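Computed from a predicted structure; not experimentally measured.
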Amino acid sequence: MHSLLSQSLPTYAQLLAALELACNEFRDSLDTRRVSNSNVSLEARTLGDQPAGFEAFSQIFNDEIAPQLSASNGGRYWGFVTGGANPVATYADWLVTLYNQNVSKGGDSVASQVERQAIKWLTELFELPAVFEGVMTTGATAANVLGAMTARQNAGLSQGIDVAKVGSKGLDCTVFAATPHASMVKALGLAGLGQETWIQIAREPGTEAMDIHDLARKLSECDSRGKIVIASAATVTGTDYDDLIRIAQLCRRHKAWLHVDGAFGIFERLLNGPNGKTQGIELADSITLDCHKWLNVPYDCGVFLTRHPHTLFATCNVDAPYLANSEEAFPFMSLGIENSRRFRALPVWATLLAYGKQGIKVEIQRNVAQAATLANWINASPAYELVKACELNVVVFSASAANTYDTEVLLAQLNEAGQVFMTPGRWQGSPVIRCAFSNWRTEQRDVELAIAELSRLAN
């Protein structure tokens, strides 16, 4: 007797045929479809009692849902820092779903070894010391949560408190930051360190970078037994890099944990090597990065790296008989938030293998050149103001006094046209438009289209 589910499901041949059709239609539509949709709706439906079948789902998805999804996978979606899913990673992600591995512990699959190798390759890609180990997460937010919790665990252990086991009662800990990403502030709250209790470090004039002298003074004045410094390898708006060498020296002097948020900024290391803007990141206690940004793998995939894997294990491990592990290495469920974990390492492993360091570097160079092209045009246009020099892949600009629209209206008009998509920001207290290039699909003609749209709105 067959179940209702088996009666209503298609064969793999039918699924593959439908998938091929959907892939081709979506790929062919990327140049013409709206990049974003602000006015969306979904028909209200009552959950049926009997199976509607695959055909019903396929029709509703194709008719109602797909047309209203953003073209964030395409080359003209420049909001946030959004990578596209490269072809090899896309195929690998299909395999992830097909094989449906639960990468919680080893002993029954090679999946854990693939993840460990992918993490090792990432440390080699970024020329980080081999001492760094870690775990793949759902994104930079989860990685930053691990950074906050591991730093908290370290602070507790230095005071004779195993926070993971007994809680944070009696913990004495102070956090310092200059321009933390919103996800880092969220992480501090989730870790019980507080979204509003961290110490604000001054910034270098005209930048979002940390003022080293102010950090030194506030670390010296602080009598907390536990100290955590949150630094940035590319801030979210200004793409500013903290002086990680000097920050690391101060952290060592004051026995402070150094966490560096390098979600997309760490990729600058492929362009300029370990002596570029990221110099000193190798001295951090922990690092956050995102693979679904500039590595261009599908959502979602972040990475948390630390030179203290035993502290990470002490933070996340919990013993239970049914969770027994036969491997000598730490199981990934004991290094992260989730026990059950998707095989998200495979698209990363496949991308690193298929494209190599040079292939990835070339795509990053292209995006940086595209950002420079747009920034140079804006800088020369009387209708716009380049509010900060473009030093990597993010262009920050506003409407000038000569423009018909103010900056916020201009952005709304730009996105409403659906040809490109950018996001808002604030710089030195004023609204700006933030345009981030991080998609392998972006071509020069996409930049030219954006310039044409901005020119139209300048009239």
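Not a single side-chain contact (heavy atoms from CB on, under 4.5 Å) links Q428 to another residue, sequence neighbours left out. Under the side-chain contact (heavy atoms from CB on, under 4.5 Å) criterion, A263 pairs with A140, D261, D290, K293, sequence neighbours left out. Every residue meeting the side-chain contact (heavy atoms from CB on, under 4.5 Å) condition with S438, not counting sequence neighbours, appears here in chain and number order: V81, W294, N393. Legend: residues meeting side-chain contact (heavy atoms from CB on, under 4.5 Å) with R456, ordered by chain and number and at least two apart, are A417, E453. Residues meeting the side-chain hydrogen bond (donor to acceptor under 3.5 Å, both in side chains) test with S41, sequence neighbours left out: none. For W198, the ring pair (Phe, Tyr, Trp, His ring centres under 6.0 Å) criterion is met by no residue, not counting sequence neighbours.
Within the 4.5 Å cutoff, the side chain of E338 has no heavy atoms near those of the S340 side chain. Using a 4.5 Å cut-off on side-chain heavy atoms (C-beta onward), P298 and W94 make no contact. Within the 4.5 Å cutoff, the side chain of L454 has heavy atoms near those of the F397 side chain. Side-chain contact check for V260 versus S232: every heavy-atom pair is 4.5 Å or farther apart. Taking the side chain as every heavy atom from C-beta outward, L244 and E282 never approach each other to under 4.5 Å. Residues L42 and E64 have side chains in contact (heavy-atom distance under 4.5 Å, counting atoms from C-beta outward). Using a 4.5 Å cut-off on side-chain heavy atoms (C-beta onward), T137 and V303 make no contact. Residues V395 and I378 are in side-chain contact: their nearest non-hydrogen atoms beyond the backbone lie under 4.5 Å apart.
The local environment of CD in E196 is sparse, with at most 12 non-hydrogen atoms from other residues, nucleotides or ligands closer than 6.0 Å. For Q59, the CD atom sits in a loose shell: 12 or fewer heavy atoms of surrounding residues, nucleotides or ligands are nearer than 6.0 Å. Shown here is Y91, whose OH atom has no more than 12 heavy atoms of other residues, nucleotides or ligands within 6.0 Å.
Below 30°, between 30° and 60°, or above 60°: for H310 and F330 the angle between ring planes is above 60°, a perpendicular geometry. Aromatic ring orientation, Y77 versus F80: tilted (interplanar angle from 30° to 60°).
Of the inter-residue distances, the one linking R426 atom CZ with T407 atom OG1 reads 10.0 Å to the nearest 0.5 angstrom. Summarising the geometry, atom CH2 belonging to W440 is positioned 13.5 Å from atom CG belonging to L295; distances are rounded to the nearest 0.5 Å. Taken from NZ in K227 to SG in C251, the straight-line distance is 10.5 Å, to the nearest 0.5 Å.
Contacts classified as ring-ring contact (aromatic ring centres under 6.0 Å, His included) and involving residues 119-153 (residues at least two apart or in different chains) are given here: W121-W349, F126-F267. The list of salt bridge (charged side-chain N to carboxylate O under 4.0 Å, His left out) pairs with a residue in residues 348-358, not counting sequence neighbours, reads E127-K357. Pairs passing the salt bridge (charged side-chain N to carboxylate O under 4.0 Å, His left out) check and including a residue from residues 65-77, sequence neighbours excluded, read R76-D446. The salt bridge (charged side-chain N to carboxylate O under 4.0 Å, His left out) contacts involving residues 434-443 comprise R366-E443, where partners must be two or more places apart or lie in separate chains. For residues 240-250, the set of pairs meeting the salt bridge (charged side-chain N to carboxylate O under 4.0 Å, His left out) definition, not counting sequence neighbours, comprises D240-K388, D243-R246.
For the 3.5 Å distance criterion, the side chains of T306 and S286 fail to qualify, holding no donor opposite an acceptor. Side chain to side chain, E385 and S400 fail the donor-acceptor criterion of an N or O pair below 3.5 Å. Of the N and O atoms on the side chains of R342 and T97, at least one donor lies less than 3.5 Å from an acceptor on the other residue.
Judged by distance alone, the side chain of H259 and the main-chain N or O of I230 form no donor-acceptor pair under 3.5 Å. Judged by distance alone, the side chain of E268 and the main-chain N or O of I266 form no donor-acceptor pair under 3.5 Å. Formation of a donor-acceptor pair under 3.5 Å by the S455 side chain with backbone atoms of I451 is found in this model. A donor-acceptor pair is defined here as one N or O able to donate and one able to accept, closer than 3.5 Å; no such pair exists between the side chain of R34 and the backbone of N37. When atom types are taken as modelled, the side chain of N86 and the backbone of N296 share a donor-acceptor pair closer than 3.5 angstrom. A donor-acceptor pair is defined here as one N or O able to donate and one able to accept, closer than 3.5 Å; no such pair exists between the side chain of T207 and the backbone of R203. Under the 3.5 Å distance criterion, the side-chain polar atoms of T197 are matched with a main-chain donor or acceptor of L193. Side-chain atoms of N415 come within 3.5 Å of backbone N or O of M422 as a donor-acceptor pair. Between the side chain of T150 and the main chain of G147, no donor-acceptor pair closer than 3.5 Å is present. Judged by distance alone, the side chain of N403 and the main-chain N or O of A399 form no donor-acceptor pair under 3.5 Å.
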ask   = Going through the checks in order, is the side-chain contact (heavy atoms from CB on, under 4.5 Å) test met by I433 and T423?
value = CA-CA 6 Å; I433 297 171; T423 43; over 6 Å; no
inquiry  = Apply side-chain contact (heavy atoms from CB on, under 4.5 Å) to residues L305 and E133 and explain how you reach the verdict.
reply    = CA-CA 5 Å; L305 298 173; E133 298 180 29; over 6 Å; no
inquiry  = The test is side-chain contact (heavy atoms from CB on, under 4.5 Å); show your working for C173 and R152 and say whether it passes.
reply    = CA-CA 8 Å; C173 187; R152 181 193 64 183; 5.8 Å; no
request  = Take H308 and N154, measure what side chain to side chain donor-acceptor pair (under 3.5 Å) needs, and give me the verdict at the end.
outcome  = CA-CA 9 Å; H308 308 285; N154 178 74; 5.8 Å; no
V447 and F437: CA distance, side-chain angles, deciding distance, side-chain contact (heavy atoms from CB on, under 4.5 Å) verdict = CA-CA 10 Å; V447 181; F437 290 82; 3.9 Å; yes
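Heavy-atom minimum distance, Y241 versus A209: O-CB, 3.8 Å. The nearest pair of heavy atoms linking T239 to E208 is N-OE1, 4.3 Å. Smallest separation of non-hydrogen atoms from I201 and L215: CG2-N, 3.8 Å. Considering all non-hydrogen atoms of both residues, A92 and L346 come closest at O-CD2, 3.7 Å. The shortest heavy-atom contact between A202 and K218 is N-NZ, 4.4 Å. The heavy-atom pair separating L352 from L125 by the smallest distance is CD2-CD2, 4.0 Å.
Of the candidates R341, R344, K120, E115 forms a salt bridge (charged side-chain N to carboxylate O under 4.0 Å, His left out) with just one, namely R341.
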Quick one: side chains of residues 183-191, donor-acceptor pairs under 3.5 Å with protein atoms, not counting sequence neighbours, listed by atom name and distance.
from	atom 1	to	atom 2	distance (Å)
S183	OG	N144	ND2	3.0
S183	OG	H181	ND1	3.0

